[in-house]
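Structure, as structure tokens:
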2 protein chains.
Amino acid sequence: MAIRVGIIGYGNLAKGVESEIRKNKDMELKGIFTRRDPSSIKIKTDGVRVYSVESLVGMKSYFDVMIICGGSATDLPRQTREYAKHFNVIDSFDTHAKIPEHFKAVDESAKEANKVAVISCGWDPGMFSLNRLYGNCILTEGEDYTFWGKGVSQGHSDAIRRVPGVKNGKQYTIPVPEALERVRAGEAPELTTREKHTRECFVVAEEGADKAQIEKNIKEMPNYFADYDTTVHFISEEEFLRDHSRINHGGFVIRSGRTGFDNENKHVIEYSLKLDSNPEFTASVLIAYARAAYRLEQKGDFGCKTVFDIAPALLSPLSGEELRATML
Amino acid sequence: MAIRVGIIGYGNLAKGVESEIRKNKDMELKGIFTRRDPSSIKIKTDGVRVYSVESLVGMKSYFDVMIICGGSATDLPRQTREYAKHFNVIDSFDTHAKIPEHFKAVDESAKEANKVAVISCGWDPGMFSLNRLYGNCILTEGEDYTFWGKGVSQGHSDAIRRVPGVKNGKQYTIPVPEALERVRAGEAPELTTREKHTRECFVVAEEGADKAQIEKNIKEMPNYFADYDTTVHFISEEEFLRDHSRINHGGFVIRSGRTGFDNENKHVIEYSLKLDSNPEFTASVLIAYARAAYRLEQKGDFGCKTVFDIAPALLSPLSGEELRATML
């Protein structure tokens with residue numbers, strides 16, 4: 001019998017889960033839960049119903065795992081802890097500084113209910129974290145580098161749109177090619193914030209707005225832009241819609257290190273992603289870990305987990321024999 | 001107390017383990033076992049003794065894990081199965097076609113003895129296998145590509161040295177840049193053997209040998225060279241020793257796939273290694289998995305494992321809290 005999956009929320013990430021789960025024959029989407037009026041939501045999958053999130057807890061016995069697609073700021077800290085009392089759950093909580101606290105709260109809920117919760121799943125945190133961990137365990141003497149981009153930063157795009165006179169805006173984070181090359185060459189450079197990434201902004205100004213002032217406000221914004229070399233382009237609404245509607249992203253995790261009795265040998269491990277759709281890729285990771293969560297519950301290994309705690313084979317629909325024969 | 005590690009064998013891989021284990025504060029090298037006369041072996045670590053492999057089984061209580069550094073052709077199929085009856089063991093068995101058989105034999109030994117054995121550990125099989133697995137689980141619709149090099153192929157170098165008239169020889173496997181670029185661009189090309197790699201050989205000929213004949217014999221050698229574009233360079237013994245004594249290697253694992261309701265979005269996951277020393281890097285992977293083997297035994301999770309079966313956190317000396325706070 002297929003693993004019965006529910007989705008909580010129906011934003012970009014949830015739509016990604018809806019689209020990608022169809023590619024996993026051992027899983028089945030059984031329902032989508034929303035805080036909005038269910039009749040207002042039109043989904044793309046025939047035969048799947050949209051329910052009010054109010055009815056969630058009453059439907060325990062119909063779902064093996066819930067993929068929670070809320071935001072990290074206010075939704076997930078509350079939702080994951082709460083729903084782990086009733087379901088196996090997965091989230092993509094990405095406020096790095098608050099992960100320990102979130103882990104603890106979710107762990108208590110899941111353990112009390114004999115359920116499994118996987119938090120902070122996706123690509124960063126997620127696949128990038130895994131590569132930082134593997135890299136550190138193998139090359140114990142070395143340096144870590146994470147570069148993001150080229151891709152859309154949602155947080156920085158939001159920040160632009162809050163600037164007075166801005167009608168619409170999008171921000172791309174771009175790794176500095178020279179920095180990337182030095183890291184790849186095993187030079188192990190010390191890099192400042194400014195040396196690692198540049199920020200490129202595309203802005204639609206409101207009619208009559210002072211563009212020079214907008215540019216200044218963006219470039220001098222503390223935390224978001226002041227520490228970076230930032231470029232601001234003003235474009236028309238048409239150009240914006242035509243050229244900047246994708247949610248692409250990506251990045252690089254590089255571990256460089258040395259081995260040998262005199263540390264005479266250099267090694268570089270590089271992991272990179274080039275993603276046309278950040279939410280669909282993240283959704284694909286969540287789905288694989290949803291499979292693992294269900295299996296861990298079956299094995300009685302309850303509580304909160306991260307990608308660090310989950311054996312890779314648990315992500316695959318294939319058996320151990322099949323994996324060893326085809327991928328080892 | 002530190003994890004007490006033994007090494008079986010004292011070739012290049014074992015020397016790598018000897019050098020790299022010093023960088024892991026929670027582990028301690030307690031002895032090296034050889035089939036040769038122990039007094040003939042000079043190791044680099046003060047205070048560590050070299051023993052005859054004959055005395056191994058009698059020293060069970062002094063070791064937590066044995067890293068077996070034999071060859072895949074004849075040593076490991078016998079050694080790992082045998083020593084798993086007495087110790088937690090790790091090997092780097094890399095004859096892909098025989099892994100299922102090796103797994104089964106070792107699994108029986110380890111389970112009977114309540115020990116843990118990790119087989120086929122290193123970078124391929126090993127880290128490359130992991131990346132094939134993660135890539136397939138995330139991008140369920142897509143293509144896999146593994147490229148090796150630029151680096152020294154031991155098997156192909158051996159094959160060159162068996163050609164009549166060859167005094168010494170080394171072979172580098174080199175990915176074809178155009179093929180790599182097409183894969184990276186997400187084109188998902190179908191590539192023949194010849195289109196993926198070229199082979200470059202550096203040969204020291206014996207005095208008076210027929211170089212044209214040597215070149216022909218190499219280029220037409222079935223399995224090893226006939227299916228590739230092969231270049232043969234004749235060089236002097238001095239040049240050979242000066243320029244070709246390193247054992248560098250590396251390669252690329254790339255998964256490209258598509259997501260979206262109409263598969264309209266492309267994604268590329270790339271993992272690559274650039275290694276100055278193949279044996280020292282492989283040794284570093286073995287050491288991390290030796291830590292995991294010991295921990296699995298402590299948890300009572302006995303039997304044969306591969307990198308697929310081992311949760312990443314088990315490789316690290318850090319606690320779960322530390323890992324979540326620093327690497328997630």
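Everything numeric in this text was worked out from a predicted model, so none of it was measured. Chain letters run A, B, ... following the sequence lines, proteins first, then strands; residues in each count from 1.
Using modelled atom types, one finds no donor on one side chain facing an acceptor on the other under 3.5 Å when comparing A/R22 with A/T45.
Only the side chain of B/N136 comes within contact range of chain A, with heavy atoms under 4.5 Å apart. Heavy atoms of A/T306 lying under 4.5 Å from chain B belong exclusively to its side chain. Heavy atoms closer than 4.5 Å to chain A are found in the backbone of B/K15, but not in its side chain. For chain A, no part of B/V253 is nearby; none of its heavy atoms comes within less than 4.5 Å. In this structure, the portion of B/D124 lying under 4.5 Å from any heavy atom of chain A is its side chain and not its backbone. Looking at B/N131, only its side chain comes within 4.5 Å of chain A, counting heavy atoms on both sides. For B/I269, the parts lying under 4.5 angstrom from a heavy atom of chain A are both the backbone and the side chain. Using a 4.5 Å cut-off between heavy atoms, A/L139 contacts chain B through its side chain alone, with no backbone atom that close. Only the side chain of A/F103 comes within contact range of chain B, with heavy atoms under 4.5 Å apart. For A/L130, the part lying under 4.5 angstrom from a heavy atom of chain B is the side chain only. Looking at B/Y289, only its side chain comes within 4.5 Å of chain A, counting heavy atoms on both sides. Residue contact with chain B, scored on non-hydrogen atoms closer than 4.5 Å, is absent for A/I287. Both the backbone and the side chain of B/T259 come within contact range of chain A, judged by heavy atoms closer than 4.5 Å. If you measure heavy-atom distances from A/T140 to chain B, the contacts under 4.5 Å come from the side chain alone.
Of the listed residues (A/R132, A/E280, A/R255), the one with the most heavy-atom contacts under 4.5 Å to chain B is A/E280. Chosen from B/E321, B/K44, B/H96, B/R246, the residue pairing most often with chain A at heavy-atom distances under 4.5 Å is B/K44. Counting heavy-atom pairs closer than 4.5 Å to chain A, the top-ranked of the candidates B/R291, B/E141, B/R184 is B/E141. Among the candidates B/L318, B/L323, B/T326, the residue making the largest number of heavy-atom pairs closer than 4.5 Å to chain A is B/L323. In terms of heavy-atom pairs under 4.5 angstrom with chain A, the leader among B/G320, B/S284, B/A325 is B/S284. If you tally non-hydrogen atom pairs under 4.5 Å between each of B/G250, B/S316, B/P312, B/A288 and chain A, the highest count goes to B/P312. The most heavy-atom pairs under 4.5 Å with chain A, out of B/C137, B/P100, B/P125, B/A283, come from B/C137.
Using the six-membered ring where Trp is involved, B/F147 and B/F252 have ring planes that are perpendicular, over 60° apart on the 30 and 60° scheme. Ring geometry for B/F281 versus A/H267: interplanar angle of 30 to 60°, hence tilted.
Residue A/K23 qualifies as enclosed at atom NZ: its count of foreign heavy atoms under 6.0 Å is above 12.
To the nearest 0.5 Å, atom CE of residue A/M327 and atom OG of residue B/S129 are 10.5 Å apart.
Of the residues listed (B/E264, B/K266, B/R258), the one engaging A/D276 in a side-chain contact (heavy atoms from CB on, under 4.5 Å) is B/K266, and it is the only one.
Classification of B/E101 and B/K104 as a salt-bridged pair fails, no side-chain N sitting under 4.0 Å from a carboxylate O.
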Review point. For B/V307 and A/L328, what are the C-alpha separation, side-chain angles and deciding distance, and is it a side-chain contact (heavy atoms from CB on, under 4.5 Å)?
Key: CA-CA 9 Å; B/V307 294; A/L328 197 61; 4.2 Å; yes
